[in-house]
Each structure stands twice: as structure tokens, then as C-alpha cells.
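Accompanying notes for the structure given below.
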Amino acid sequence: MNTEILGILATFLIALLLALPLGKYIARVYAGEKTKMDFLFNPLDRLLYRISGIDAKREMNWKQHMMVMLTINLIWVLMSMLILMCQQWLPLNPDHNPNMPADLAFNTSISFVVNCNLQHYSGESGVSYLSQMWLMFLQFVSAATGMAAVVVLFKAFKARSTTQLGNFYTYFVRSCTRILLPLSSILAIIVLFNGTPMTFDGKQEMIGLQGDSVAVSTGPAAAFVGIKHVGTNGGGFFAANSAHPLENPNYGTNMAEMVGQLIIPLAMIFAFGYFIQRRRLSWMIFGVMTIGFLMLAIPNVMQEMNGNPALTAKGLNNTMGAMEGKEVRFGAAASGFWSIVTTVISTGSVNAMHDSTMPLSGMNEMLAMMINAFYGGCGVGLLNFFIFIILAVFISGLMVGRTPEFLGKKIEAREMKIAMIIALLHPLLILAGTALTVTMPALGRATVANPGYHGFSEILYEFTSSAANNGSGFEGLGDNTPWWNIATGVVLLLGRFLPIIGPVAIAGMLAEKKYIPEGNGTLRTDTGTFGMMVFAVIVIITALSFFPTLALGPLAEHFSMP
Amino acid sequence: MNTAQHKGLFQAALLGPAFKAAFRKLNPKTLLRNPVMFTVEIGTAVMLLVCIWILAGNNTQGSLAYNAIVFFVLFLTLLFANFAEAIAEARGKAQADSLKKTREETPAKWVQPVGEIFVNEVKIIPSSQLKKGDVFLCEAGDIIPADGEIIKGLATIDESAITGESAPVIRESGGDKSSVTGGTKVLSDKIMVKVTAAPGESFLDKMIALVEGASRQKTPNEIALTILLAGFTLVFIIVTVTLKPFADYAQAPITIASFIALFVCLIPTTIGGLLSAIGIAGMDRALRANVITKSGRAVETAGDVDVLLLDKTGTITIGNRKATHFYTAPGIGEEALIRAAVLSSMADETPEGKSILELAGKDPLQYGIEHPEFVGFTAETRSSGINFGTNRIRKGATDAIRNICMQAGNLFPVEIQERVNHIAANGGTPLVVAENNVVMGVIELQDIIKPGIQERFERLRKMGIKTVMVTGDNPLTAKFIAEKAGVDDFIAEAKPEDKMNYIKKEQSAGRLVAMMGDGTNDAPALAQADVGVAMNSGTQAAKEAGNMVDLDNDPTKLIEVVEIGKQLLMTRGTLTTFSIANDVAKYFAIIPALFITAIPALQHLNIMQLHSPQSAILSAVIFNAIIIPMLIPLALKGVAYKPIGASALLRRNLFIYGLGGIIVPFIGIKLIDMIVSLFL
């Protein structure tokens, strides 16, 4: 078999094999059961609780959980803006980078807090090392926020009938110390040994092959690269993100970084099954997500490997695949595969320029973010998927002649209302944002690098990436303008917190309801048939919402190709 | 009334009024209840304005004919949806009218009260003047003018007008059979009845009004489904509205007709148009089974029932126990036993007593007994019998007779004890007969299980419903019958509070319980049960407590009610799936049509090879309109329920309505396009 394809398969299998035991470990961590690492983490957690004055034993209902979540997130946004806007005067700024303007600081702060990391600045010249380290901290806590939120949902389905859903702070702290910190350290060490810098020195002089002197930006990048993938954040230390040789030095690190971003979203699926003792349900979720993932990834790999027919038509050699915007050390297959891994999961780090992928690859990347529930980001992927489960349960529950129920809880008008609002929100943010931008040529068309359908795709991609909290860019877009910074900032906020609160609220309400034991007539949700139903609901809702828009962007571009 | 079941779905007499009602329902205020169809109405109005605009000279929106056709098709869509609801209501109303006919004005023999006592001065007044609390008299041949409770007397009554059952029934004052229904006919004797509800306001009248749809309220599940549909409608509002700037950016102008067509085709009009018809049809189907439901909600809940409480007598077994064998005690001749048994049952009016005479085949009078003194059954003695001369014959429960014999110093034969145990273990009831304190033998009474009941329980088990038999029998007998009939559990030696406790226990475990009852005793349990079906012959209290009334007084009706509930929910689910799945094909018809002129490359998306943009859009809206009337029969009849397990059922329905919903419109739109393109 083609070694390029073998490399992709190996990456996915390694991630899956690691995710299975990790899922079990994560379930034990959140259930408060003993693990082998307790000797190290118990004192650390206790110290953190003592410093912060947290009562780790206090039980919270879903509303209290969400209040805590919003409060700590608000504080981070404010602190972040303060640091970014004053970085010039703060220590650890060897390259003497200036303060960030307010609109960019607003966008950057929000975008890191919401686990999106849409970067309208470049890491080399836009931020100091202190800011970089602060942003690295945000990459930990934003991932942990999503994970803690989904654990509230885990807990809601574990108990038969309760309002007490554990303590948000413990879920949050445990996510940071026991899951994110060890995993990101491992990845950081791997990339460090492959050449990624970890230093507080400023720019270094280098003499190029042609004899010119180049000032190369360095910094504490290895640690940053670790959490950026493990926490599905995707914010690059350097502007070129993981296409940059210092962030992603070789094919080996490329595999490691892909495994790094896949591992927690995969493990969370299995952790859910272990936690509520329904492992078949995990496999149903995994199956649906994986089929969706493959249906996006396989065409992308094929298209990128086949190359651009426009070039072939001109008689150019296209055997390496569509190499525009790609790094030779990764090749077309690994870049095409990464483009879906990073968009399906809300990472958003890139190892090639998505702007240069084939039109239909670009469409698949957007579709991955429009669905945003095939694996998805740390914790939030499952929360998004949960909304689709609720919709599928509702329709298929009726089809078997019972009023709908999920895991023994009745789905009624209140839950449907929330689920529908959340399902509506995503297309609303993407479509309304894009529509507003294209109606204002000075703010929209003027910032677009390409004319026609591709330019439209650039705008659509930016809003899709923001609403999905993905953070990857189609590039080719002059996005550091007040309009883009503020518009995407608002979309980021809405696209982050409502889709966390909605599912947690539904889970919290269901947790309070009476448990109905499952019988012969009950719809089982851990079967292939139900999986098909969920898949159909996801595909149909997404297709129905975005088909006309995609027809004017990537589809029009694709069919216009020779 | 039963004949109504054999009539077709669309009776000619109903079509006219339904058609008129379809127009009446165009009133936006009425339509507001249905968000999906309301937005279609707005779209239709916009199209009307576009047509007027073109008449006024605008030429950017295409030809007048094309726009007028789009307007006309949208208008038809609205009418079809309204018609679906109207026809369902008309059917309900027709059903209700036939019920009401039996309750028309009849003369009432009003008993005039004088002070505190009622004197027997009877005045004839029209039934409409009766008030609650009034007392009237009914004699043989009279039609009972209002619902009431017998306060004096006993009568045989022909209830066929309501139940369709020709055999007369006996109603008497006191006890559980004291309730009479207006419109039924007294065949014999004379009763005094106290009005429990004024004519037109009786319990049944109120329930009939519900069926007619006038005071129908949306059920919880209907509300949730409406939210889902409204959500989809909102998504498509967003999609359609934002498409305008997108199309402008791509320099692909879109006409208003195309926008409206896109929107109307995408929103779930099929299920939106049929939703209320499905709900009404569900109650109507219950009514056709002669069950009046207090609310649509009750029918919906019936589909969810997990536990069914069924009385043994009449449901699982035919009527009452019957004597099947005489077993003599050692040294007693069979003739002697039969004589004793027959004599002791001479005055026994219970069905069991009568069945003993039947089995013996002897006329008690042939024994020529003089001066008999009958001893009735009491709960204390637990035996009954006859005294004549020096003879004292008793028959009764084993331990009661044993006590009598032992007290007289006689032995209770071991053989009899063994026989008794044997009978009980086989589900029979032993009655021991003793003459002058000497055991003569045992009569075996057996329950006869209804033919075919095992299969029904098997069907229920496959639905995931647990069946529970309620009986006054001892646990041994109950167990035997339960096993033989195939019920999952039983309550033996049941007292009314046992039923109640059982229901509460199941409910606290989260299960939904359905039961049927008739007596005042049953009222609390009926109220406690999630689905309580009261028999029409039952007391007023029982009828008020339950949420359905069965006019046939048929205890097996519960099983049908559950299936009706499941059908109702399934019809909603499958039509929703079908409606949403339809959108895939509609997209492939409309999206290329919208953009082909400006972006010829998108011709590749026109996978159906539709003739032209205009024919594509017309085909899509026409398909969208005519699919509604085509599905009305399914909405009214309901999707057939098959007890094959939830997963298999989902697979089956997903295949038929999901996959079918994707494929059918591709074919339908293509066919319509072929026809439409002939005219363009």
C-alpha cells in the first residue's frame, strides 16, 4: 500500500488504541476512583483547592455549574485583555513587540478563552513571551472548561433521579492536572526532542544557504505545541501554525500532533460509556462519528493526492498531488487528512493552507465545522453530539410508538425547545454573519484576496470556523480589521457558551425526571439502527441548512473547474 | 354505530362540509396555532402581491402566468392542509352526531319534590328542562331522558343505541350497576333515577365535544413536535433570507417566486399540514372502538403504557366459574352427593350455584322437599345451604365445612383433603358439600380461559407491556390461571386497595399503568392509574375518575386502546421523518433552478435533469402540495403497529418512511416535471 496512506492509517489507529485505555482512566478520574497517579495529584489538587478557597465537596445543580463556568471564563477574558494590551510594559518581551490594539485583544482573548484560537495576529510579532505563556494557560483552562461541562452531563445520566451533579471546580481541576497536564507534557517532550525550541531568548540570527542573514523567532514553543493539540485548541505559537518547521519539524511530529488532538475527543466518548456503565452506547457514538469523519476525510485525501486538474490540463506534473500551500515534508495525503482532523475536532491548527486545498476539500473542511460533532473539541464535541441525539431520539421514539425517551428519561417540550435553539444557533451564526459581511462591500469584499466563489468561501469559512470555535483560517482574508475582530468575537462567544449551557441544561432537567426502566418496547439507543438515525439527522440538518450556501461557494467553484 | 367502521375514509357526505371548513380555516388567527402552515400563508399572500405588482407593470419577476401558478399551488397547499384537519374533524363529528342522536329531546317523567320528601306526582317535561339533582321516573318502554343514577328499583335496559350490543342489561339501585345513560331504553320494570348531569352537559356530552375538535387542546407530545417543526421552519427562514445577499454577491439574482417556493418546499409542510388531523384521527379511532377519551393526551399516554391491570373475570376468563365435576367422599354414592349438591344450590342465585344445577342436570323440585329453609352465604360462615326437616345441607369453602364437621366430632376424610388440594393446584375452586355434618364430596369449579387470550398477551409482551391479572381467587388458583393464560403477574385475593397499592408501586418505579374498572371501589385506582378506562355501565364516580369510558363495557378493550395510542405516536413520527427526508430531493430540484442562469456550472447539480428552472420550481411546489392529500388516508388510518420490538420497528419505519421519503420525491418531481414541461 501507498506509504502516505499507511501513515494516515497508522496515525488514526495509534490514536484509537491510546484512547481506549485513556477513556477508562478519564472515567475513573471523574468518578473520583483510585488511580495509580493519585500519590502525585491528590496533594497537588488539595493545594490548589486550599489556595483558591474551593470547597471541593459542595454538590451543585446544573445552574450552579453553569454559573461557575461563566464566572471563571469572564474573569479570564478580562485578565487576558489586560495582559495583551499592556504586554509592551510587562516582562518577557525580548523582541520588543508592541501592545495589542483593543479590538484585536478582544478577539484574541475571547478566541483563546472559548477554545477557538482564531488568530488575527502573528505570534512572531504580535505577542510577547509572557502573553504567549498566558495564552498557553488559557489553552489549558478552556479545554478543561469543555471537559468539566461534559462531565456534568455524564453525571446527570449516571444518577437515577437527582439534582446534585457534583462539583464543577473538581471536574475542572482534575481535567487540568490529571489529564491535560500529563498528556500535553508528553507531546511537548516529543516535539522538543525533534527540534521545537523551548527558550526565553529572543530572535536568533541564522545564515541561510544563499548567505543572507535571517532573524528567526523562537520562544517557549514546545510547551505551547503540546497543549495546543491535546487541548484541541489549535492556536499556533508562530503565524504559520503547524506548517512552521519549528512547530512541526518532521513527519513523526506531524503524526504525534495528529494523535495528540484526536486522543481526548476519542477518549471522552469511551469515558462516557465507562462512567455511566453503558459501553455499547459509546460504541454507537464512536461508530457514527467515525463514519462521518471518514466520509469527510477520505474524499479530501483522495482529492489532494490526485492533484489539481487545472494544472494537469496545462501539462504540469501533478504526481505529488495538489502541493500548493503544502509542506513537502508532510505530503498531500497527510495534509489532506490533517485538514479534516483539525476541522472535525475543533482544533484548528493547520499544517497546510486550507485556502489552497481543492474546492471540494475546502467544502468538506467547512462541513466538518458546520456539523461540529464528529469527535469535536475537548468535551464540547460530545455536548454538540448530544443535541443531535436528542433530536434523533425524539423522531425515532415516536416511530416506535412511544413518547420519546433517552436513557430512561422522557424528552418533552422544554428539552425540545432548548435542543432546537441550539441546533438553530449554529446555522444562524454562520449564515447571518456571512450575510451581514457580504452586504457591506467595504468590510467584506474589500478584505477578500480572491474574487468570485472562492472569495465567498473565504468569508463563509471564517464565520464557520468562529461559530464552531475551530480557529483555523481559510487565509487569503485580511481579517485583522475592527469588523472581523468584533464580529467573529461575538460569534465566538455565542457559539461557545450557548452550546455548552444548552446540552447541560437538558441533561440537568432530565436528571431531575423520574427514571423509567427500559423494556421491550423501549427504543434502544445503543444499536446500529439508532446510530443510522442519528447520522441521518446530522446529515440532513446540516445539508438542509448549508446546501444553498455551499452551492454558491465551493460547489460553484468546483463545477467551474475545467 | 358499529356500521360506521365499515364505511370508507372519505364519505361523500363529509366532503362538502370539510371543503367549506378548509376555506374557513384560512383565517390567519386560526392558522397561527400551526406555525408551519402560517408561514405558508404569509408566503401565499406575498405571491398574491407579486402577481398584482406584475399586473401593475413590473417585469423583473418573470411572467404573470408563472407567478400566478406558483400562487395558486401555494394556495392549494394551504387548502389541502386545512382540508386534512377538516376531514378528520368531520369524521369525528359524524361519529359524535350519531352518538348525540340517541340523546335528543325526549319527554321526561319528572318527579315533583314536595319539601324534603319526593311525592309520586309525575309531570311530563322535555328532557332539556331537567336539572342536575332532579329525579325522574322511567317505566317499560320509556327512553331514559338524561344520565343519572338509579335511586330506586331495578330494570332491564337496552343499551344498544350506545354500545351496539343487543342483549339487554340489568341496572339496579345501589352498588356498581346503578348508572343509566340518556338515550337508552327501559325494557321492563320501573326505576327512579336522579339526574347526575343536565342534558347536554353530561359527562358524555363533554367528551363528545372534545372529539368534535371544538375544545381540543394540543397534547404535550404534539407541543414538543410543534416546537421541532417550528425550529425547522426557523432554520429555513434563516437559510432563505440569507440566500438573498449571498446570491447578490455571486451576481445570481433570484425572483421572489423562487424564494417563496424554496422556503415553502423546505419547511415541513407535509407533517405541519397533517399534524392536527393525526391527533383528531387518534381520538376518532378510539371512538370507533367505542371508547370515548377525555383528552388526546390519554390516547397518547396509552401508547406508553408499561403495565396493564386486567380483571380476571370477563377479561381473561369467560364470565364466571362453572362446576365441572362431582367427587364423592369415601363411602358416599354419587347420587347422594348430587342430591345434596342440587338441594344446597336450589336457592343459590350466583352463577356458580346455577352451574351446579346445570352440571347435575336435575330439577331440585323432583326431590319433593317440603318446608325448606334456605341459608344464605355470609362472609362469616363462608358457606350456604338448606335446612329441611332434620336435614342440614351445607356447601362452601373447604375450611368452613371442615370446621362444621370437626365441631360435630366427624372426621374430614383425607381423600377429600387431597382432592381439594389437587383441584386448587389445577386452578379450580373446590366447594365441599356436607349433609348433617358429614362430608359428602367435592364440587370442582373451573375458570374457562377465553380462547385466543394467550396470543393477545404474547402480543402485549412483544410490545414490552407487562400484564397483571387481578382476581379475588386464592394465590394457588390465581397462579394456575395466570400461568395458563400467560399473564406476567397476578394479584390474588385482591381488595380494592391492593389494586391501588400495586399501581403506586409500579408508578414509583417509573412505569405507566393502565387499568379498567367499573365500581365505585375502583374510582381511586382509576384516578391513580395513568390510563383509567371506566366501563360505561359503571358508576358515575368511576367514570369521572378514569380518563376514558368504554361504551361496550368490554374489559379487553384496554389492549386496543394501547395499540391506538402507539399508532398515533408512530403516525406522527413516520410522517415527520417522511416530510423532512423529502427536502433532499426538493433541494436538488430548486437549488440548481435558482442559480443555473447565472452560474451555468451548477447544471451538474440538476441530477434529475429537470426541463427548465421554472418547470423545476413548479414541479417541486406541486409535489409539495399534492403529497398532503395523498397522505391524508395514512394520517387518518394511522401507521400499522407491529409488535416486533422497538429496534426492528425503527428499522422498518426508517426504511419505509426515511428511505422512501428520500426516493419518492425524486420520482414524483421528475414525473411532474415531464408533464409541466409539455406546457412550458
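Order of the sequence lines sets the chain letters (A, B, ...), proteins ahead of strands, with each chain counted from 1.
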Evaluate side-chain contact (heavy atoms from CB on, under 4.5 Å) for B:T270 paired with B:I580, printing each intermediate quantity in order. CA-CA 9 Å; B:T270 313; B:I580 294 170; over 6 Å; no
Taking the basic N atoms (NZ, or NE/NH1/NH2) and the acidic carboxylate oxygens, is any pair closer than 4.0 Å for B:R511 and B:D306? no
Quick check on B:V241 against chain A: is it the side chain, the backbone, both or neither that has a heavy atom closer than 4.5 Å? neither
Pairs of heavy atoms under 4.5 Å with chain A: top-ranked of B:G464, B:A224, B:P600: B:A224
Under 4.5 Å from any heavy atom of chain A - which part of B:L575: neither
Determine, for B:K566 against B:D304, whether the closest basic-nitrogen to carboxylate-oxygen distance falls under 4.0 angstrom. no
Aromatic ring pairing A:H426/A:F546, orientation class (parallel under 30°, perpendicular over 60°, tilted between): perpendicular
What part of B:F246 gets closer than 4.5 Å to chain A, counting heavy atoms only: side chain, backbone, both or neither? both
Name the region of B:Y641, side chain, backbone, both or neither, that has any atom closer than 4.5 Å to a heavy atom of chain A. side chain
So which part of A:I459 gets closer than 4.5 Å to some heavy atom of chain B, the side chain, the backbone, both or neither? side chain
Looking at A:L428, A:L391, A:L460, A:T439, which one has more heavy-atom pairs under 4.5 Å with chain B than the rest? A:L428
Indicate whether any N or O donor in one side chain lies under 3.5 Å from an N or O acceptor in the other, for B:T269 and B:N624. yes
Contacting moiety of A:A543, where chain B heavy atoms sit under 4.5 Å: backbone
Between chain B and each of A:T403, A:I516, A:V438, A:I541, count heavy-atom pairs under 4.5 Å; write down the option with the most. A:T403
Segment of A:K410 engaging chain B (4.5 angstrom heavy-atom cut-off): side chain
At a 4.5 Å cut-off on heavy atoms, which part of B:Y657 comes close to chain A: side chain, backbone, both, or neither? neither
From the list B:T242, B:L649, B:I223, the residue making the most non-hydrogen contacts under 4.5 Å with chain A is B:T242
Side chain, backbone, both or neither: which part of B:I591 has a heavy atom under 4.5 Å from chain A? side chain
Quick one: which of A:G452, A:A551, A:A423, A:P427 has the most heavy-atom pairs under 4.5 Å with chain B, could you say? A:A551
Looking at chain A, which one of B:A250, B:P592, B:A648, B:S647 has the largest number of heavy-atom pairs inside 4.5 Å, strictly under? B:S647
Scored by heavy-atom pairs under 4.5 Å with chain B, the best of A:E415, A:M416, A:R402 is A:R402
For A:H454 and A:F474, I'd like to know if the aromatic rings sit close, meaning centre-to-centre distance below 6.0 Å. yes
Side-chain donor-acceptor pair present, B:R651, A:T529, cut-off under 3.5 Å: yes
Over all atoms of both residues, closest heavy-atom pair of A:A373 and A:F385: O-CD1, 3.4 Å
Cut-off 4.5 Å, heavy atoms of chain B, and the answer for A:F456 is both
Presence of salt bridge, B:D488 and B:R461, under 4.0 angstrom: yes
Would you please say whether a donor-acceptor pair under 3.5 Å links the side chains of B:T255 and B:S258? yes
Cut-off 4.5 Å, heavy atoms of chain B, and the answer for A:M399 is both
Of all heavy-atom pairs linking A:E557 and A:S457, the shortest is OE1-OG, 4.3 Å
Would A:F547 and A:L555 satisfy side-chain contact (heavy atoms from CB on, under 4.5 Å), going step by step from the backbone distance to the final call? CA-CA 9 Å; A:F547 186 59; A:L555 282 174; 3.9 Å; yes
For B:K466, is it the side chain, the backbone, both, or neither that has a heavy atom closer than 4.5 Å to a heavy atom of chain A? neither
Considering only heavy atoms and a distance below 4.5 Å, find which of A:T434, A:I540, A:T522, A:T527 pairs most often with chain B. A:T434
Which region of A:K417, side chain (C-beta onward) or backbone (N, CA, C, O), has a non-hydrogen atom less than 4.5 Å from a non-hydrogen atom of chain B, or is it both or neither? both
Winner by heavy-atom pair count (cut-off under 4.5 Å) against chain B, out of A:P517, A:G553, A:A419, A:A556: A:P517
Taking the six-membered ring of A:F530, is NZ or CZ of A:R524 closer than 6.0 Å to its centre and within 45° of its axis? no
